[in-house]
Amino acid sequence: MSWFPEKRTSKSWIHQICTKILKTGPVPKHVAIIMDGNRRFAKKNSMERAEGHLKGFDKLAETLEWCLDLGITEVTVYAFSIENFKRSKEEVGCLMEIARQKFARLMQERELIQKHEVCVRVLGNLSLLPPDIQQVVADAVEFSKHNTRAILNVCFSYTSRDEICEGMRELAEGVSMGLLKTSDISEDLLDKCLYTRKSKDPDLLIRTSGEVRLSDFLLWQTAYSCLAFVSVLWPEFSVWHLYSGILHYQKNYQALKDAKEKNDSEKERRQRESDYESVLKEMKEQKSLDKSEDLVSIQCRVQQYAQDREARIHKFLQHLDHKQEEFFQNMLHQKPTFTAN
Ligand code: FPP
Ligand code: MG
């Protein structure tokens, strides 16, 4: 099945009404999905595991269409965890083969990507993937990177803890290169070092198959997301499960919004406090802190310090963007070596 089913499923009147009603309330802009239960589905239906995963892919294509209809413009899916490398050689090989074929297919569907203006990003530790998959992934990412109507983030060779460690390594490198001061490190800055740096946090996370844990998926990004656990296996997920997830989001919308706003203003307060402490520390070190220093001049110094901090961070983030661009260019232009699974 294609990423963009050619013959769009015609919507029954009841679906059209439900979509209209849901759209009168807040609809999540960004939905994250843990597509779990493919193997159980295969077993339940006496299929090969590979077929279960293929059904899982088809369900993803269908779900993306439902999301677009509802006005959900960003979807992030957990397609392959770093933990999944521990599965049998045959199964890892099968999942890699699906990725190989589906990303190649995506490139054959260039015109449709452009028509629907979809930006595809692949997030994860891509260096763990076979070189030919790295190349086809880089092709799709590069080709679609300027599209803005809808965003699909495919987390592949991903775990959240690996992503956070990688972000911390970037920060440590920034400090050791002299681009950053240790005191510049904040939640917001680490956030911008993650694979998801270009996205806003998910509003709603859905996990299928009845498991009620996050399995190392977007741990940092879902601190203020609405979580919906559904018992159905991923290939059995229907538009009704999506509607029910959105209703759950709408029911909790105000409480989540309040909690997030409270946290945002608390973060701003902590940043002001940190800038003030850094200025006092610098003044003590320069022995320029004497009793004649009035509050107004200290406030001016704090303001200047905040501006300098912003400038350092800007330069550091430019350096990160440049590094990421170089990484993708290397993946694109490496010699294709076809690895056996
Ligand atoms: C979880 O079910 C699913 C996966 C590990 C793979 C998901 C992959 C796809 C749906 C294909 C998507 C591919 C691309 C290229 C986007 P499970 O295997 O853990 O099944 P179980 O929970 O029943 O054991
Ligand atoms: Mg599973």
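Read the numbers this way: they start at 1 and go in the same order the structure lists the ligands and their atoms.
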Peer 1: Just let me know how Arg87 lines up against ligand 1, side chain, backbone, both or neither, with a heavy-atom cut-off below 4.0 Å.
Peer 2: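 Side chain only.
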Peer 1: If you take the nearest heavy atom of each of Ala99, Ser215, Cys94, Ala61, which one is closest to atom 15 (C) of ligand 1?
Peer 2: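 Shortest heavy-atom distance from atom 15 (C) of ligand 1: Ala99.
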Peer 1: Less than 3.5 Å between some nitrogen or oxygen of Arg40 and one of ligand 1, yes or no?
Peer 2: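 In this structure, Arg40 places an N or O atom under 3.5 Å from an N or O of ligand 1.
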Peer 1: Is the closest basic N to carboxylate O distance between Asp264 and Lys260 below 4.0 Å?
Peer 2: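 Salt bridge flag = yes for Lys260 with Asp264.
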Peer 1: Looking only at protein heavy atoms, which one is nearest to atom 1 (C) of ligand 1, and how far off is it?
Peer 2: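 The answer is Met35 O, 3.1 Å.
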Peer 1: Once you restrict to heavy atoms under 4.0 Å, what part of Leu233 touches ligand 1? Side chain, backbone, both or neither.
Peer 2: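 Neither part.
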Peer 1: Can you sort out which atoms of ligand 1 are near His53, meaning under 4.0 Å from one of its heavy atoms?
Peer 2: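 Answer for ligand 1: 6 (C), 18 (O).
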Peer 1: Got the closest protein heavy atom to atom 20 (O) of ligand 1, with its distance?
Peer 2: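 Protein heavy atom with the smallest distance to atom 20 (O) of ligand 1: Arg39 N, 3.0 Å.
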Peer 1: Assess whether atom CD of Glu266 is packed by more than 12 heavy atoms of other residues, nucleotides or ligands within 6.0 Å.
Peer 2: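 Result for CD/Glu266: enclosed.
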Peer 1: For Asn84, take its heavy atoms, then give the atoms of ligand 1 lying under 4.0 Å from any of them.
Peer 2: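 Those qualifying, in numeric order: 5 (C).
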Peer 1: Would you say Asp36 reaches the Mg ion (ligand 2) with an N/O/S atom under 2.8 Å?
Peer 2: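 So Asp36 does bind the Mg ion (ligand 2) by this criterion.
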Peer 1: Can an N or O of Gly37 be found at a distance shorter than 3.5 Å from an N or O of ligand 1?
Peer 2: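 In this structure, Gly37 places an N or O atom under 3.5 Å from an N or O of ligand 1.
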Peer 1: Looking only at the side chains, is there a donor atom on one of Arg207 and Ser215 sitting less than 3.5 Å from an acceptor on the other?
Peer 2: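 Ser215 and Arg207 do have a side-chain donor-acceptor pair below 3.5 Å.
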Peer 1: Below 4.0 angstrom, N of the basic side chain to O of the carboxylate: do Lys323 and Glu173 qualify?
Peer 2: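 A salt bridge is present here (some side-chain N lies under 4.0 Å from a carboxylate O).
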Peer 1: Look at the aromatic rings of Phe103 and Trp3 and report parallel, tilted or perpendicular, splitting at 30° and 60°.
Peer 2: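 Rings of Phe103 and Trp3: tilted, 30 to 60°.
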Peer 1: Answer yes if the ring centres of Phe156 and Tyr78 are under 6.0 angstrom apart, and no otherwise.
Peer 2: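 Not close enough - the centres of the two rings lie 6.0 Å or further apart.
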Peer 1: Looking at atom 13 (C) of ligand 1, what's its closest protein heavy atom, distance included?
Peer 2: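 It is Phe57 CD1, 3.9 Å.
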Peer 1: Among all residues two or more places apart in sequence or in another chain, which pass the side-chain contact (heavy atoms from CB on, under 4.5 Å) test with Ser209?
Peer 2: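 By the side-chain contact (heavy atoms from CB on, under 4.5 Å) rule, Ser209 matches Asp36, Arg40, Glu211, Leu233.
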Peer 1: Should Val31 and Asp203 be marked as a side-chain contact (heavy atoms from CB on, under 4.5 Å) after you check the CA-CA gap, both sets of side-chain angles, and the distance that decides it?
Peer 2: CA-CA 6 Å; Val31 173; Asp203 303 297; over 6 Å; no
Peer 1: Tell me: protein heavy atom nearest atom 8 (C) of ligand 1, and distance?
Peer 2: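 The closest heavy atom on the protein side is Ala79 O, 3.5 Å.
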Peer 1: List ligand 1 atoms under 4.0 Å from Gly56, heavy atoms only on the residue side.
Peer 2: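 Near Gly56, meaning under 4.0 Å from one of its heavy atoms, ligand 1 has 10 (C).
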Peer 1: For Trp234 and ligand 1, does the shortest N/O to N/O distance drop below 3.5 Å?
Peer 2: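 Among all N and O atoms of Trp234, none is under 3.5 Å from an N or O of ligand 1.
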Peer 1: Between Arg197 and Asp191, does any NZ, NE, NH1 or NH2 come within less than 4.0 Å of an OD or OE carboxylate oxygen?
Peer 2: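 Not counted as a salt bridge, because no side-chain N and carboxylate O are separated by less than 4.0 Å.
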Peer 1: Considering both backbone and side-chain atoms of Trp3, is one of its nitrogen or oxygen atoms within less than 3.5 Å of a nitrogen or oxygen in ligand 1?
Peer 2: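 Such a contact does not occur with ligand 1.
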Peer 1: Is the shortest N/O to N/O distance between Asp36 and ligand 1 below 3.5 Å?
Peer 2: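 Yes, there is a polar N/O contact under 3.5 Å.
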Peer 1: With a 4.0 Å cut-off, would you call Lys59 and Glu236 a salt bridge?
Peer 2: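 No, this pair does not count.
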